[in-house]
Amino acid sequence: MVGLRAALLAWFDRNARALAFRFERDPDPWAVLVSEVMAQQTQVARVAEKWLAFMGRFPTPAALASAPTGDVIRAWQGLGYNRRAIDLQRAARAIVLAGGRVPEDIDSLQALPGVGPYTARAVAAIAFGRPVGAVDVNVRRVLGRLTGADPAAAPQREMQAAADALVDPARAGDWTHALMDLGATICRPARPECDACPVRTWCSFAGVAGVRPNPAPGRRGAVPFEATTRWLRGRIVGRLCGVPPGTTVTFDGPLGLHAPEAVSAALASLAADGIVELDAVGAARLAGEQA
DNA sequence: GTCCGGCAAG
DNA sequence: CTTGCTGGAC
């Protein structure tokens, strides 16, 4: 165990990806929380740029908590999943009500809107040095190959226990980054570079098994993206972001492939998510912006 | 076409 | 347990 930790951390010290939201030491917990929420289902390279601008605009929980929601949605453009922006602002407001500091323990972190098992542990480890393992798809794959378990079948509890057991308590934050960097650059889903892997001598997968092809993709391309609700929602929000703050836009008639009823339904769901507000006649504007 | 440093709600 | 949510890079 000790050998594996030392080997991976030594590799990390030389090969860490240079990402804007990483800190040498003394990380700002708020900055870490923002970066981890942005990274949910979003590739880290794209997060980095958006994160810089977002932190400049909302450097503290208080700054985000008091901002018009429309400003937050605009700052989120390009990241997708706008509900995360709404949840992050709600989390900021909860943090402010609780004294203004990002909580350190997993339970309190996970009680924040938009913060689940992964994000709570990532923040606890990276921002506060807690010896807990953050298990995302990446880490799940790496641990699965290391131990010989099937990542798709292993219960979350077992993966979590394995991840917790492996963490180097002296460098919990670096350990978290190291595992994810390994998964992103060496232990990739397809064609892993086992020859270059710093922990191959401990791995049950390296050099032995061929890479299993991913499970059948199913019929994914059957529906064109323009026909999905996601496309429609994105189109509506994009339109509202492009208009001066507080301006209302009326969406009558079809939009792309979508009938007027579908557009209304999308507006209603966006309103339910707190992303847009609808006035009495059904005109829409970004949430939290006055006319 | 695939894959993202997930989460909440049903 | 399953589903919806986004957008870009490769």
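Naming convention: chains lettered A, B, ... in sequence-line order (proteins, then strands); numbering from 1 in each chain.
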> With sugar-phosphate meaning primed atoms plus P, OP1 and OP2, does T228(A) contact a base, only sugar-phosphate, or nothing at under 4.0 Å between heavy atoms?
Replying inline: nothing
> Are side-chain N/O atoms of Q156(A) and R140(A) paired as donor and acceptor at under 3.5 Å?
Replying inline: yes
>> Under 3.5 Å for both pairing distances: what stems, at least three Watson-Crick or G-U pairs long, include DNA chain C?
In response: B:1-4 with C:7-10, B:6-10 with C:1-5
> To the nearest angstrom, how far is R83(A) atom CZ from dG7(C) atom P?
Replying inline: 13 Å
> Just checking R140(A): base, sugar-phosphate only, or nothing, at a heavy-atom cut-off of under 4.0 Å?
Replying inline: nothing
> What is the distance from CG of D87(A) to P of dG4(C), rounded to the nearest Å?
Replying inline: 18 Å
> For the pair made of CD1 in I86(A) and C1' in dG4(C), what is the distance, rounded to whole Å?
Replying inline: 16 Å
> So which one's nearest nucleotide on DNA chain B is more toward 5', Q110(A) or H177(A)?
Replying inline: H177(A)
> Do any N or O atoms from the side chain of D164(A) and from the backbone of G133(A) form a donor-acceptor pair under 3.5 angstrom?
Replying inline: yes
> dA8(B) phosphate, OP1 or OP2: any side-chain N/O from R84(A) under 4.0 angstrom?
Replying inline: no
>> Looking at R239(A), I'd like to know if its CZ atom is crowded, meaning that more than 12 non-hydrogen atoms belonging to other residues, nucleotides or ligands lie closer than 6.0 Å.
In response: no
> L182(A) near the nucleic acid: base, sugar-phosphate alone, or nothing, with a heavy-atom cut-off under 4.0 Å?
Replying inline: nothing
>> Output the rounded distance in Å from CH2 (W76(A)) to C1' (dC7(B)).
In response: 12 Å
>> Please list, in numerical order, the residues of residues 40-54 of chain A that have a heavy atom closer than 4.0 Å to any atom of DNA chain C.
In response: Q43(A), R46(A)
> Counting only heavy atoms not in R235(A), do more than 12 sit closer than 6.0 Å to its CZ atom?
Replying inline: no
> Does a salt bridge link R84(A) with D87(A), judged by any charged N lying under 4.0 Å from a carboxylate O?
Replying inline: no
> L79(A) CG to dC7(B) P: how many Å, rounded?
Replying inline: 16 Å
>> Using a 4.0 Å heavy-atom cut-off, does L88(A) contact any base of the nucleic acid, only the sugar-phosphate backbone, or nothing at all?
In response: nothing
> What is the distance, rounded to the nearest whole Å, between atom CG of L109(A) and atom P of dA8(B)?
Replying inline: 12 Å
> Whole Å only: how far is the CD atom of Q156(A) from the P atom of dT2(C)?
Replying inline: 15 Å
> Do R233(A) and T228(A) have a side chain donor and acceptor closer than 3.5 Å?
Replying inline: no
> At what distance, to the nearest 0.5 angstrom, does CE of M180(A) lie from CG of D136(A)?
Replying inline: 6.0 Å
>> Any heavy-atom pair between the side chains of D273(A) and I86(A) that's under 4.5 Å?
In response: no
> Base, sugar-phosphate, or nothing: which does N82(A) touch, judged by heavy atoms less than 4.0 Å apart?
Replying inline: sugar-phosphate
> Looking at CD of Q89(A) and CH2 of W76(A), how far apart are the two atoms once the value is rounded to the nearest 0.5 Å?
Replying inline: 11.5 Å
>> Please classify the nucleic acid contact of S35(A) as base, sugar-phosphate, or nothing, using heavy-atom distances under 4.0 Å.
In response: nothing
> Does a donor on one side chain sit under 3.5 Å from an acceptor on the other, for R285(A) and T247(A)?
Replying inline: no
> Mapping G114(A) and I126(A) onto DNA chain B by nearest heavy atom, which one lands closer to the 5' end?
Replying inline: I126(A)
> Looking across every strand, which nucleic acid part, if any, lies under 4.0 Å from V139(A) by heavy atom: base, sugar-phosphate, or nothing?
Replying inline: nothing
> Rounded to whole angstroms, how far apart are CZ on R141(A) and P on dT2(B)?
Replying inline: 16 Å
>> Side chain of P189(A), heavy atoms from C-beta onward: which of dC7(B), dC4(B), dG4(C) has the nearest atom to it?
In response: dC4(B)
